[in-house]
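In what follows, residues are counted from 1 in the order of the sequence shown.
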Amino acid sequence: MAATERWPPVYDAAQLKDQIARLGREGNLADAFYGPKDSGGAICQGDLLQLTAPLPFIDEDAEAAVENVHTHWLVIGNTCDFVRDDSEVRWSQIVPVVVVPDAAMRAEAFQAIRLFGTSRKFYLPPWNPSDRTPPHGIADLQSVVCADKRLLRRTAGKVVARVSLYGWVLLQSCIVRFLARDDGRFDDE
């Protein structure tokens with residue numbers, strides 16, 4: 001029997017939307033979003049890694065393929081998985097980050113992303129504000145990559161930014177919104 005009703009999100013959509021909007025507006029986002037890189041373990045959920053690698057995926061013919069080399073990736077896998085033995089947990093998850101110059105990020109086209117108004121993209125404020133033209137990032141939550149923890153541990157020295165508790169709560173809120181949002185199955189009918 002086909003479903004006739006739209007499935008709702010598994011969270012209070014209005015409350016989560018308000019929380020994301022409130023967190024996204026608080027003070028100077030860049031100052032509050034990141035914390036010290038030396039707190040926590042070598043790799044933590046929410047770390048921004050400098051890692052040059054193409055985006056791997058399975059194409060329409062069930063063949064392994066790659067495209068779009070990215071220079072930055074956001075760790076979305078659980079921090080606790082990095083302390084577990086590789087024989088128990090070998091993989092973690094990362095998503096590619098598109099680096100966007102400051103001037104471009106100010107354009108109206110990016111306003112919804114900057115205000116955390118889109119569910120598939122996660123905005124990363126400038127992680128090095130002392131740069132003359134500090135870069136912003138847009139993490140693509142649809143492009144999750146399974147990465148070997150040994151690779152990620154080798155890139156631990158290339159953690160360019162680590163989220164604070166505030167940034168982590170905002171990241172978690174946006175991941176929940178992305179994964180458990182209203183399914184929209186009847187939007188085009």
Rounded to the nearest 0.5 Å, the OG atom of Ser39 sits from the CG atom of Leu165 at a distance of 10.5 Å
Value rounded to 0.5 Å, distance of CG in Leu171 from CG in Leu124: 8.0 Å
CD1-CG distance between Ile94 and Leu48, expressed to the nearest 0.5 angstrom: 11.0 Å
May I ask you to check whether Phe116 and Phe122 place their ring centers less than 6.0 Å from one another? yes
Is there a donor-acceptor pair closer than 3.5 Å between any side-chain N or O of Trp73 and the backbone N or O of Leu51? yes
I want to check something: taking the side chain as every heavy atom from C-beta on, are Leu55 and Pro96 in contact at a cut-off of under 4.5 Å? yes
side-chain contact (heavy atoms from CB on, under 4.5 Å) assessment of Val163 paired with Asp47: CA-CA 6 Å; Val163 294; Asp47 281 355; over 6 Å; no
Please confirm whether the backbone N or O of Ile113 pairs with a side-chain atom of Thr118, one donor and one acceptor, at under 3.5 Å? no
Step-by-step side-chain contact (heavy atoms from CB on, under 4.5 Å) determination, Ile138 to Phe110: CA-CA 10 Å; Ile138 301 172; Phe110 290 110; 3.6 Å; yes
Is Arg154 paired with Asp148 through a side-chain N to carboxylate O contact shorter than 4.0 Å? no
Pairwise side-chain contact, His70 with Val98, heavy-atom cut-off 4.5 Å (strictly under): yes
What are the two closest non-hydrogen atoms of Val66 and Pro54, and how far apart are they? CB-CB, 3.8 Å
Count the heavy atoms of every other residue, nucleotide or ligand shown that sit under 6.0 Å from NZ of Lys158, and state whether that count exceeds 12. no
In terms of heavy-atom contacts, Lys149 and Phe82 come closest through CG-CE2, 4.1 Å
Could you measure the distance from the CG atom of Leu74 to the CG atom of Asp140? Nearest 0.5 Å is fine. 11.0 Å
Walk me through whether Lys17 and Arg177 qualify under side-chain contact (heavy atoms from CB on, under 4.5 Å). CA-CA 8 Å; Lys17 181 180 178 182; Arg177 176 182 62 185; 5.9 Å; no
Is there a path of hydrophobic side-chain contacts, each under 4.5 Å between heavy atoms, that joins Leu170 and Val75? no
Quick one: does Asp59's side chain have a donor or acceptor within less than 3.5 Å of a partner on Glu63's backbone? yes
Taking the ring of Trp127 and the ring of His136, is the distance between their centroids below 6.0 Å? no
Answer yes if Trp168 and Ile76 sit in the same cluster of Ile, Leu, Val, Met, Phe, Trp and Tyr residues linked by side chain heavy atoms under 4.5 Å apart, and no otherwise. yes
Could you go step by step and tell me if Thr52 and His72 meet the side-chain contact (heavy atoms from CB on, under 4.5 Å) rule? CA-CA 7 Å; Thr52 301; His72 291 79; over 6 Å; no
Would you say that Leu49 contacts Val160 through its side chain, given a criterion of any heavy-atom pair below 4.5 Å between the two side chains? no
How many angstroms lie between atom CD of Gln142 and atom OG of Ser119, to the nearest 0.5 angstrom? 8.0 Å
Are Leu151 and Trp91 joined in one hydrophobic group, where the rule is that I, L, V, M, F, W and Y side chains link up if heavy atoms are under 4.5 Å apart? no
Any sub-3.5 Å donor-acceptor pair from Tyr34's side-chain atoms to Pro125's backbone N or O? yes
Can you see which heavy atom on Arg162 is nearest to which on Pro36, and at what distance? CD-O, 3.7 Å
Hey, are Thr79 and Gln45 close enough side-chain-wise for a donor-acceptor pair under 3.5 Å? no
Can you tell me how far the NZ atom of Lys37 sits from the SG atom of Cys44, to the nearest 0.5 Å? 13.0 Å
Under 3.5 Å, side chain of Ser164 to main-chain N/O of Phe33, donor-acceptor pair present? yes
Under 4.5 Å between side-chain heavy atoms, counting indirect links through other Ile/Leu/Val/Met/Phe/Trp/Tyr residues: same cluster for Leu141 and Leu179 or not? yes
Give the minimum heavy-atom separation between Ala139 and Val95, together with the two atoms involved. CB-CG2, 3.9 Å
Do Val97 and Val159 belong together in a cluster built from hydrophobic side chains that touch within less than 4.5 Å? no
